[in-house]
Amino acid sequence: MILENLPDMVALVREAVSQVPRGSVSTYGDIAAAFGDRAAARAVGEMLPGILGAPVHRIVYSDGSVGGHAGHGGDGNARAGLLRSEGLEVRGGRVVSFADARFRDFRVPPVLEGMRREQELIRAEVTESDSFGALQRVVGLDVSYEGDRAFAAAAVHEWDSGEPISERTAETRIGFPYIPGYLAYREVPALAPLISKEAGTLYLVDGHGTLHPRGAGAASHIGVLFGVPAAGAAKSLLAGKVLDPEAERSQVVLEGRGSGIMLRQGRNRTFVSVGSGISLDTAAEVCSGLLDRGIPSPLRRAHELANRVRREAVAEGKA
DNA sequence: GCGACAG
DNA sequence: ATCTTGTCGC
Ligand SMILES: [Mg+2]
């Protein structure tokens, strides 16, 4: 399906960096833009330190400054020296005539553009009315990480009582970075082994559903791709505006549409939105009914479980 | 122009 | 998300 055969972003970033010629420079944001979305700038920056055999010293900040932090194969002075040896003038920690030296001709696949198209297709298949009979259980889903190992957890709660019923975990290798707006490509493959179609079951995902720039966050991917009722419950906002920030419960508006509900207990907030196969009202009622210190209890439990199995796995590896 | 940016 | 110890507060 859509979330398989994801692009190897490390390899693609390495390829992009390799295309910057001697005497030229580029920026995190320009490389991200070459892949189709500047929102990936930070992700590019995080991958750079691990990239070998490519001229990462030619990647500078968007203002032309050379910087001095790790990840560029040395400190700022070393990088300035390398750039000078390639014919560039560096003064006061900045590349002189940065605009002229800025490389603009990347030939890499715009993979993020394709993913946005996929998200638009997902959005078109989202349904926003309750697609189940009597709600019996709510399954919280969350993921914890250690390097490229992902630890996914599902915590099943009985809706009537709110009590925990069971739990499951699954470990997978992660192959895609976190990029704002593309969380589904990182987390949904890890959660997939824990999802099955069962009557009366709602999946509660740690993240957004339709409260998303393309109206299709991770919760919508789960709802649509697996054909299960799903809702998103995130701890912070990715897009949209809270109408009444001080209220215990408020509508969240995105592009003129009431796409989300903010629930709060004290300073802990949860932003609820439709994944698919459920109405926003029902999703908010379920989250509200299971709210424990500002977080729906199935999600709190899934979060704790994912962290626990990660720590156990790491401890096991050291033993 | 600056800030914001799920996990 | 992860890196981390003690510490402040309800
Ligand atoms: Mg999470």
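Quick note on labels: first sequence line is chain A, next is B, and so on, each numbered from 1.
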For this session: Would you mind telling me which of E163(A), R137(A), R301(A) makes a side-chain hydrogen bond (donor to acceptor under 3.5 Å, both in side chains) with H157(A)?
Result: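 Only one option passes, and that is R301(A).
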What are the two closest heavy atoms between [X] and [Y], and how far apart are they?
X       : Y       : value
K235(A) : D206(A) : NZ-OD1, 2.8 Å
S65(A)  : V60(A)  : O-CB, 3.5 Å
A219(A) : A230(A) : O-CB, 3.5 Å
A153(A) : L191(A) : O-CD2, 4.5 Å
T270(A) : A233(A) : CG2-CB, 3.8 Å
I59(A)  : R79(A)  : O-NH2, 2.6 Å

[X] [atom1] to [N] [atom2]: how many Å, rounded?
X       : N      : atom1 : atom2 : value
E304(A) : dA1(C) : CD    : P     : 12 Å
L299(A) : dA1(C) : CG    : P     : 11 Å
F176(A) : dA1(C) : CZ    : C1'   : 15 Å
L141(A) : dG7(B) : CG    : C1'   : 14 Å
H208(A) : dA6(B) : NE2   : C1'   : 4 Å
E187(A) : dA6(B) : CD    : P     : 12 Å
L191(A) : dG7(B) : CG    : P     : 14 Å
R300(A) : dG7(B) : CZ    : P     : 14 Å

What does [X] touch in the nucleic acid at a heavy-atom separation under 4.0 angstrom: a base, only the sugar-phosphate, or nothing?
X       : result
N307(A) : sugar-phosphate
Y178(A) : base
Y182(A) : base
R311(A) : nothing

For this session: Show your reasoning for whether salt bridge (Lys or Arg N to Asp or Glu O under 4.0 Å) applies to E120(A) and R123(A).
Result: CA-CA 5 Å; E120(A) 283 158 12; R123(A) 179 66 186 93; over 6 Å; no
Problem set entry | Dot-bracket line, read 5' to 3' along DNA chain B, where crossing pairs take [ ] and | marks a partner on another strand, Watson-Crick or G-U under 3.5 Å | .......
Exercise. If we ignore angles and hydrogens, is there a donor and acceptor under 3.5 Å between the side chains of Y28(A) and E46(A)?
Worked result: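 Not at all, the side chains of Y28(A) and E46(A) share no donor-acceptor pair under 3.5 Å.
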Exercise. Can you tell me how far CG of L211(A) sits from CG of L237(A), rounded to the nearest 0.5 angstrom?
Worked result: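 Reported value, rounded in 0.5 Å steps: 5.5 Å.
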Exercise. What's the closest nucleotide to the S144(A) side chain, out of dC5(B), dA1(C), dT2(C)?
Worked result: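 The answer is dT2(C), which lies nearest to the side chain.
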Problem set entry | Any S259(A) side-chain heavy atom under 4.5 Å of L280(A) side chain |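 In short, these two side chains do not touch, never coming nearer than 4.5 Å.
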Exercise. Checking R42(A) against Y178(A): charged group under 6.0 Å from the ring centre and within 45 degrees of the axis?
Worked result: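 That pair does not qualify as a cation-pi contact.
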Problem set entry | Residues from residues 229-248 of chain A lying under 4.0 Å of DNA chain B - heavy atoms |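 Going residue by residue through residues 229-248 of chain A, the ones with a heavy atom under 4.0 Å of DNA chain B turn out to be A234(A), K235(A), S236(A), L237(A), L238(A).
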Exercise. For DNA chain B, which residues in residues 211-218 of chain A have a heavy atom at a distance below 4.0 Å?
Worked result: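 Here the set is H212(A), G217(A), A218(A).
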Exercise. Is the distance from OP1 or OP2 of dC5(B) to the nearest side-chain N or O of R38(A) less than 4.0 Å?
Worked result: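 For dC5(B), neither OP1 nor OP2 has a side-chain N or O of R38(A) closer than 4.0 Å.
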